[in-house]
Amino acid sequence: MKLGEKVLVTAALPYSYAPRHFGHLAGAYLPADIFARFKRMRGAEVVYVCGTDENASSIVIEAMRRGMTPKELCDMYYPIQKEVFEKLGISFDIFSRTSKPIHYQVVREFYLRLWEKGYVYPKVIKQWWCPNCKIFLPDRFVVGTCPRCGAPGQYGDVCEVCGSWYESFEIIDPKCSLCRSRPEIREKTHFFLKLSALTEKVLEYVRDKKFWRKATYNKTIAWLEKEGLRDKDITRDYSWGPPAPFPGAEGQVIYNWAENLLGYISATRDWAENIVGDPERWKSFWMDKNVKLYCFIGKDNLFFHTILFPALLIAHGEYILPYNVVVNEFVNLEGEKLSTSRGWVVWLHELLERYDPDVIRYYAAAIAPETRDTDFKWQDFAEKINGELIGTYGNFVHRVLSFTYSKMGGVIPQPGEMDKRDEEMLSRRIEYARMLEEHIEACEFRKGLRTILDLAQEGNAYMNEKAPWSNPEKARTPVYVLCQVVYSLAVISAPYLPFTAQRILDYMNTGKRVSELRWSDAEAMIPPGHRINEPKPLFRKITSEEVEEQVRKLFERLKK
RNA sequence: AGCGGGGUAGGGCAGCCAGGUUAGCCCGCCGGGCUCAUAACCCGGAGGUCGGAGGUUCAAAUCCUCCCCCCGCUACCA
C-alpha cells in the first residue's frame, strides 16, 4: 500500500434541472464511486467531489419558460438530484452547487489571475438579441430557415435537413424560439480567452498520458494536432452566473463553458470549509503535485476535460492537472439511442422506486460503456441480476451463511486439519483481491466485477466438491473456509455493492460498518466460535412479468 | 469529407499495443451430478471462414496496405 496517497475524484457536474438517467450512473458517477470507495479502503486520502452545474444559459431560458427565476429553478431541483445520488450510495464527500458564493469567488479569483497574466482580452462580437425577451440568445435558441436548402425550422448554425454548416447570422427569417419575435443582431464588447497560446502546452501535457483509454488519448491528440485551440469568448450578458471580474465587464458573467469546470475546485473548497471545517484544506489537494486527480465523464464531455480544463489550469499555473480523465461511451436503450425529449430513457429516480440500489449499481457496472456504446435491455437486466448477482453471488453467500446458521448452530466451526484444497481456497480469495485491485487501479470496472463473480463461482465449486451437507463430521473445515470466503467477498465487493456488503457484515455479526472496512480485511479471518445472525436472501428475483411491464411502460411513454 | 472507435461461435464480450500452447469468458443450448441454497449450484459437451482481400513472417485474430459495414466526434447547446 502506498502510504500517504492522495486522490481527488470528480464526476461530471449535472445540470441542475435535468434528472439523471441510467447512462449517467454507468458512465460517470458509479465508476467514480467504485474508484473512490476502493481508494478509501486502501487507506488513501480521498476527496470525491461533485455538484450541480447551475449557470448554463439553458437554465436561464428554462426558468423563463416556467416563469421562475434561475435560482428558484435550481433550488427546486438541487435536493432531487442530491437525493438520487444518496439513495444510490454515491459517496460524494461534497455535492455542491455552482450558484454558491464560494464558486463565484473561485471563478473571480481564477479569471482575475488569467487577466493579470494576459490571457484575456476584449473584442467586439455580434450576437442575437431578442428585443421582446430582452436577452441575448445562444445560436441554438434562434429558429429560422436554412440559407442553403431552404428547410424551415432549423436551429442555430447547422441544418439538420441538408447537414450544412453556416454562420448563425445567415439564417433566413430568424425567430426567437421563446417568443417567436424577430431577434436583431447586436454588437458588444466581450472578453476572449487566449486559448490559441496554449495548444502546445496542452499537447505536451497529454503526450505522456499513454495510460488513458485509447479512444480518449487518440481523440485528444488528434484534436490538438489537427485543429489546435482557438481563442474563445468567455463572457455573456446575463444576470445569472458568476460576474466577470474584468475592467469594463460590469453586468457580464463568465460564460458557462468557461466556469463550470471550476466547479470542481469550488466544490473542494466548499468541502474544506463546510465539511472539514478547515478552509485551507482544499489547497492540500489542488496545490499538491503528489495528488492524483481523476475526472470521470461521458464522451460528450471529452473536449472540456482533456483539452479545455488542462488549458485553463495551465494558464492559471497553480493547480494540478487531471492525472486521468476516465471517459465512458454511451448506454443506449433497447438498441436505440436515448432521447430524453421523446421519453426514451430510464430515469434513476424511477428505477429507485422499484429496485435495490445495489441491483442498479450491479447492472450499471456490468454494462458500463468503457470501450464502446452498450445497451440497456430490460430482458438483459433481469438475466444479469437473476443469473449473476443472485444466482452466483447472492446464492453463494446465502447458502454458506444459511448452512452455517441452520446446520452448524450459527457458529463458525473450529476447522480440523486442512487439505490442499482448503488451503488453496483460502489463498484464492487473496489472489482475487489482488486481481480486483489491479482492475480498479486501471479503471477497468467491468473486469473487476467479473473478478468478484469469479470468486463467488469458485466458492460455489468448492462447496459442491466438499459437500458439507453429506457428512456433518467432515463439514467443519469447509464451512470454516467458506465463511472466510464469504467475508472476503463482502470486503472486495464493497466498492461495487456497499449496501449488500453491509448486509453481509450484519448477517455475519461483525459489528462493522462498511465504511470502516479496509482492503486488507479481505485477508482477515473470522475466528472459530464466532456466532452469526440469521441470514436472509440478499436480493429478490426479477420476474418475467416485471420485465414485460417495464418494456410496456417504456413504449407507452414513447407514444406521447 | 476528415479524424477516432468498433466489426471474434445464436446473443453479449476478452484477447490485438510488446505476433507463437488445442482463440478464452458470460448467457443460451445439449448431457450429467448435487440437493445446503432464491428451480439456485457444480461438471462435461456441441458450436467460431477471428468483417473481406492481399502482403510481411518459420508463424497473424494479433503487424502493413486496400476495401466493406456500424457508431461517434469536428469547441459558440458546456
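Chain letters run A, B, ... following the sequence lines, proteins first and then strands; every chain starts at 1. Note that the structure is predicted; figures quoted are calculated from it, not measured.
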**Q** Determine the contact category for A:Tyr255: base if any of its heavy atoms lies under 4.0 Å from a base atom, sugar-phosphate if only primed atoms, P, OP1 or OP2 are that close, otherwise nothing.
**A**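 Sugar-phosphate: the residue A:Tyr255, judged by heavy atoms under 4.0 Å, touches backbone atoms but no base.
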**Q** Tell me the interatomic distance from A:Asn460, atom CG, to B:rC43, atom C1', rounded to whole angstroms.
**A**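 My rounded result for the distance is 13 Å.
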**Q** Is NZ or CZ of A:Arg97 both nearer than 6.0 Å to the six-membered ring centre of A:Tyr78 and within 45° of the ring axis?
**A**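 That pair qualifies as a cation-pi contact.
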**Q** Tell me the interatomic distance from A:Leu261, atom CG, to B:rA75, atom C1', rounded to whole angstroms.
**A**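 In whole Å, B:rA75 C1' lies 12 Å from A:Leu261 CG.
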**Q** Report yes if the ring of A:Phe403 lies under 5.5 Å from the six-membered base ring of B:rC36 with planes under 30°, and no otherwise.
**A**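 No.
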**Q** Quick one: on RNA chain B, does A:Thr374 or A:Ala461 contact a more 5' nucleotide (nearest heavy atom)?
**A**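 Result: A:Thr374.
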**Q** If we take the P atom in both B:rG55 and B:rA46, what is their distance in whole Å?
**A**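 Each nucleotide's P atom is 34 Å from the other's.
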**Q** Using side-chain heavy atoms (C-beta onward) and a distance below 4.5 Å, is A:Trp469 in contact with A:Lys407?
**A**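 A:Trp469 vs A:Lys407: side chains apart.
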**Q** Restricting to side chain to side chain contact (heavy atoms under 4.5 Å, CB included), what partner residues turn up for A:Arg531, sequence neighbours left out?
**A**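 Scan of A:Arg531 (side chain to side chain contact (heavy atoms under 4.5 Å, CB included), adjacent residues dropped) gives A:Val411.
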**Q** Quick check with a 6.0 Å cut-off and a 45 degree axis cone: is A:Lys209 positioned over the face of A:Tyr217's six-membered ring?
**A**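 Relative to the ring axis of A:Tyr217, which defines the angle, A:Lys209 lies outside at least one limit.
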**Q** Looking only at atom C1', what distance separates B:rU8 and B:rC16, rounded to whole Å?
**A**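 11 Å, rounded to whole Å.
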**Q** Could you check which of B:rG5, B:rC36, B:rU38 has an atom nearest any side-chain atom of A:Asn218?
**A**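 Ranking B:rG5, B:rC36, B:rU38 by closest atom to the A:Asn218 side chain puts B:rG5 first.
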**Q** Any side-chain donor-acceptor pair under 3.5 Å between A:Asp506 and A:Asn533?
**A**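 Per modelled atom types, A:Asp506 and A:Asn533 side chains form no pair under 3.5 Å.
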**Q** Checking all strands, does A:Ser406 fall into the base, sugar-phosphate, or nothing category for heavy-atom contacts under 4.0 angstrom?
**A**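 If one applies the 4.0 Å heavy-atom cut-off, A:Ser406 turns out to touch nothing in the nucleic acid.
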**Q** What distance, rounded to whole Å, do you find between the two C1' atoms, one in B:rU62 and one in B:rG20?
**A**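 Those two atoms are separated by 11 Å.
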**Q** How would you label the contact of A:Pro537 with the nucleic acid (heavy atoms, under 4.0 Å): base, sugar-phosphate, or nothing?
**A**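 The residue A:Pro537 makes base contact.
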**Q** P atom, B:rC66 versus B:rC29: distance in rounded Å?
**A**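 Comparing P positions in B:rC66 and B:rC29 gives a spacing of 45 Å.
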**Q** When only distance counts, do a donor and an acceptor, one from the side chain of A:Asn464 and one from the base of B:rC41, lie under 3.5 Å apart?
**A**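 Result: at least one qualifying N/O pair found.
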**Q** Side chains of A:Thr500 and A:Asp358 only: does a donor on one sit below 3.5 Å from an acceptor on the other?
**A**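 Per modelled atom types, A:Thr500 and A:Asp358 side chains form a pair under 3.5 Å.
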**Q** Whole angstroms only, please: what is the CG-C1' distance between A:Leu302 and B:rA75?
**A**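 So the two atoms are 11 Å apart, to the nearest Å.
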**Q** Check the distance between B:rU74's P and A:Arg230's CZ and give it to me in whole angstrom.
**A**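 Checked: the CZ to P distance equals 11 Å.
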**Q** Taking the side chain as everything from C-beta on, heavy atoms only, tell me whether A:Phe110 gets closer than 4.5 Å to A:Tyr319.
**A**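 Of all side-chain heavy-atom pairs linking A:Tyr319 with A:Phe110, at least one is under 4.5 Å.
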**Q** For RNA chain B, what residues of residues 474-481 of chain A have any heavy atom nearer than 4.0 Å?
**A**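 Nothing qualifies; none.
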**Q** Mind telling me whether A:His21 and A:His24 have parallel, tilted or perpendicular rings, with 30° and 60° as the class edges?
**A**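 Judged by the thresholds at 30° and 60°, the geometry between A:His24 and A:His21 is parallel.
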**Q** Strictly under 6.0 Å, is that where the ring centroids of A:Phe191 and A:Tyr111 end up?
**A**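 Between A:Tyr111 and A:Phe191, which both carry aromatic rings, the centre distance is not below 6.0 Å.
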**Q** Is any side-chain N or O of A:Asn395 under 3.5 Å from a base N or O of B:rA40, one able to act as donor and the other as acceptor?
**A**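 Result: no qualifying N/O pair found.
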**Q** For B:rC34 versus B:rA40, give the span between their C1' atoms, rounded off to a whole number of Å.
**A**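 B:rC34 and B:rA40 have their C1' atoms separated by 12 Å.
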**Q** Check every strand shown and say whether A:Lys210 touches a base, only sugar-phosphate, or nothing at a heavy-atom separation below 4.0 Å.
**A**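 Result for A:Lys210 = nothing.
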**Q** What interatomic distance, in whole Å, is found between C1' of B:rG7 and the corresponding atom of B:rA14?
**A**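 These two C1' atoms come out 15 Å apart once rounded.
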**Q** Could you give the CD-to-C1' distance, from A:Glu458 to B:rC25, as a whole number of Å?
**A**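 For the pair A:Glu458 CD and B:rC25 C1', the rounded distance is 14 Å.
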**Q** Examine the side chains of A:Asn256 and A:Arg236 and answer whether a donor and an acceptor come within less than 3.5 Å of each other.
**A**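 The criterion, which ignores hydrogens and geometry beyond distance, is not satisfied for A:Arg236 and A:Asn256.
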**Q** Would one find a side-chain N or O of A:Arg372 under 4.0 angstrom from OP1 or OP2 of B:rA14?
**A**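 Answer yes for this pair, as a side-chain N or O of A:Arg372 is under 4.0 Å from OP1 or OP2.
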**Q** Please classify the nucleic acid contact of A:Asn386 as base, sugar-phosphate, or nothing, using heavy-atom distances under 4.0 Å.
**A**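 The answer is nothing, as A:Asn386 stays clear of every strand by at least 4.0 Å.
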**Q** Does A:Gln457 put a side-chain nitrogen or oxygen below 4.0 Å from OP1 or OP2 of B:rC43?
**A**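 So the side-chain polar atoms of A:Gln457 do come within 4.0 Å of the phosphate oxygens OP1 or OP2 of B:rC43, strictly under.
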**Q** Using the P atom in both, what is the distance from B:rG10 to B:rC50, to the nearest Å?
**A**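 Straight-line distance between the two P atoms is 13 Å.
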**Q** Give A:Trp257 one of three labels, base, sugar-phosphate or nothing, depending on what nucleic acid heavy atoms sit under 4.0 Å from its own.
**A**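 Sugar-phosphate only.
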**Q** Let me know, please, whether A:Lys407 or A:Ala222 comes out on the 5' side of the other along RNA chain B by nearest nucleotide.
**A**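 Closer to the 5' end of RNA chain B: A:Ala222.
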**Q** Decide whether a cation-pi geometry holds between A:Arg429 and A:Tyr487; the criteria are a distance under 6.0 Å from NZ or CZ to the six-membered ring centre and an angle within 45° of the ring axis.
**A**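 Not flagged: A:Arg429 not positioned over aromatic ring of A:Tyr487.
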**Q** Taking atom P in both B:rG6 and B:rG51, what distance in whole Å separates the two?
**A**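 So the two P atoms sit 12 Å from each other.
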**Q** Under 4.0 angstrom, heavy atoms only, what part of the nucleic acid is A:Tyr15 near: base, sugar-phosphate, or nothing?
**A**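 Base, at least one base heavy atom under 4.0 Å.
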**Q** Whole angstroms only, please: what is the OH-P distance between A:Tyr362 and B:rU38?
**A**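 Taking atom P of B:rU38 as the reference, OH of A:Tyr362 is at 20 Å.
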**Q** Pairing of RNA chain B as dot-bracket, 5' to 3': ( ) intra-strand, [ ] crossing, | other strand, . unpaired, with Watson-Crick or G-U pairs under 3.5 Å?
**A** ((((((((.[[[[.)....(...]]]].(((((.......))))).....[[[[[..)....]]]]])))))))....
